[in-house]
2 protein chains.
Amino acid sequence: MDAIVRLDRKRETVVAESSRITARNRVRADARRNRERVLVAARAVFAEHGIDAPMATVARRAGVGVATLYRHFPTRDALVRGAFAQQMETCARALTEALAVPDPWQGFQQLVETVCALQREERGFPAAFVAAFPESMSEEAQSRQRVERDFTTLVRRAQASGALRADFHPSDLVVVLLAHCGLVAALPDDGAASRRLVAYLLQSFRTDPANKPLPPPTALTLRSLPIATDSSRGQRSPRT
Amino acid sequence: MDAIVRLDRKRETVVAESSRITARNRVRADARRNRERVLVAARAVFAEHGIDAPMATVARRAGVGVATLYRHFPTRDALVRGAFAQQMETCARALTEALAVPDPWQGFQQLVETVCALQREERGFPAAFVAAFPESMSEEAQSRQRVERDFTTLVRRAQASGALRADFHPSDLVVVLLAHCGLVAALPDDGAASRRLVAYLLQSFRTDPANKPLPPPTALTLRSLPIATDSSRGQRSPRT
DNA sequence: GTCCAAGCGGACGATCGCGTCCACTTAAGA
DNA sequence: TCTTAAGTGGACGCGATCGTCCGCTTGGAC
């Protein structure tokens, strides 16, 4: 494998394509450490300045050079995906767990609440979730298809049990998640608004609206909104 | 008024401050025309590339120079506000009209649906709505206070009539609008998702869920999402 | 200890958007 | 028609971000 054309710059690519399998274990310790540092820094910076924050800011926060960052994550998308891979996996796992819950409605409810809680707790994750959707939720198309099939199964079961309204459509999950993403992205606060929205939506999904008490209302008024202050504006056009 | 200090550069400012009232009618015809052109172009460009689109793009689309644009709208915020002032006024008017509807629940429902329809139809407006919230919905703090008071009145009435659930809080309107903004911003499509969300929420706001049929579900699946395609990515990081 | 390539950092040129400045154009009153 | 200042356009300087390039450092095999 070493006899292949060595046009200097091509070298790296060739190695990457041909011998990554054998080199897997030969990744330098400092490289692995730096990669991890970058991911931690990326989550912090993205949470603070939004996922459009300058790559250099992430690098500085991580204590590495920009080149190091670009080597590990050639594009911003790759970095975003890397930074929130864990959260994405948790989402996927939540679905599996939901299917395992005996009462299908409880499973359904738990799934929605878990995913929304995840979005509300990790700042920057909602934006990443929305931006990377087609590729995300899992790495490959096949896996995505499985997620879809599993969720449909969950919906069918919950409807069969009589708890989930018959006209709920699996695509409504996307609607809920995107709306929720928008809400938490606009309101980086304690999550009261998020909880409130989720409670409302879950109630309207039930066949029998048992009318459980809602979580407490938010302190929002039309005039005392934390939006468009310097901090949240930074979400859109970040500075160093 | 002409005898005031004329330090060359100060001139414009002085005139603006002292004689704008008399000059109101003396605005040149071409200036007014250009202003209008800029507004039209701004709406088009914002709809296409998001409200972060380069100012130069708006100017080019309007067929004017950048200086002209900056003269009429010194900041991006001013331009955004100008571009969507009409929509903002429509929102405010919708509240007044909702109060005039005999059945308070119908008024409430109509208000939510009107505002959401507006957000869904004018691309770029949702982002402007969220970004400019504290200043928007009306020009002055006093006016904002009136909006808040009127909406609270509407809510009280609807609750007294028994149709709106007692634990609905006026701040929930903010929650609904922000969530809806997020949804339509993420999904620049035909509005099916928006209608679906609004219907769900309105149902969960009712005391007696008459369970009217929902609007048709969206065609969304977990894998065939129009998000993160080139067109919607342009919403976030616009190019010329 | 020696070696060497994987890995590293930071400088650098390119690109882009911003907002100002200034010389020119033109609307509109006399 | 003449005058004039309001209005215009585009070039330009500035600063920020991008992603690459290249010489140096260091992990780890021997």
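Below, chain A is the first sequence line, B the second, and so on; all start at residue 1. Quick note: numbers below take in every heavy atom, side chains included, and nothing from hydrogens, waters or symmetry partners. Treat the numbers as computed from the prediction; the structure is a model and nothing was measured.
What separates CD1 of B:I51 from C1' of C:dG17 is a distance of 16 Å, to the nearest Å. To the nearest angstrom, C1' of D:dT20 lies 13 Å from CE of A:M55. Between the CZ atom of B:R33 and the P atom of C:dT26 there is a distance of 11 Å, given to the nearest Å. Atom-to-atom, CG of A:D52 to C1' of D:dT17 comes out at 12 Å; the value is rounded to the nearest Å.
Mapping B:R35 and B:V66 onto DNA chain D via the closest heavy atom, the residue that lands nearer the 5' end is B:R35.
Listed pair A:H72 / C:dG7 fails the phosphate criterion, with no side-chain N or O lying under 4.0 Å from OP1 or OP2. Close to C:dG7, at under 4.0 Å from its OP1 or OP2, lies no side-chain N or O of A:N34. When the side-chain nitrogen and oxygen atoms of B:T68 are compared with OP1 and OP2 of D:dG7, none of them lie within a distance under 4.0 Å. The phosphate of D:dT26 (OP1 or OP2) has no side-chain N or O of A:R28 nearer than 4.0 angstrom. Taking 4.0 angstrom as the limit, A:R76 places a side-chain polar atom (N or O) nearer than this to OP1 or OP2 of D:dC18.
The shortest heavy-atom contact between B:L79 and B:A42 is CD1-CB, 3.9 Å.
Of the candidates D:dG28, C:dG17, C:dG9, the closest approach to any side-chain atom of A:V64 belongs to C:dG9. Checking D:dT17, C:dG17, C:dG7 against the side-chain heavy atoms of A:P54 singles out D:dT17 as nearest. Considering only the side chain of B:A67, D:dG10 comes nearest among C:dG19, D:dG10, C:dG9.
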(request) Show the numbers, then the answer: is there a side-chain hydrogen bond (donor to acceptor under 3.5 Å, both in side chains) between B:H180 and B:S194? (result) CA-CA 7 Å; B:H180 183 261; B:S194 156; 2.6 Å; yes
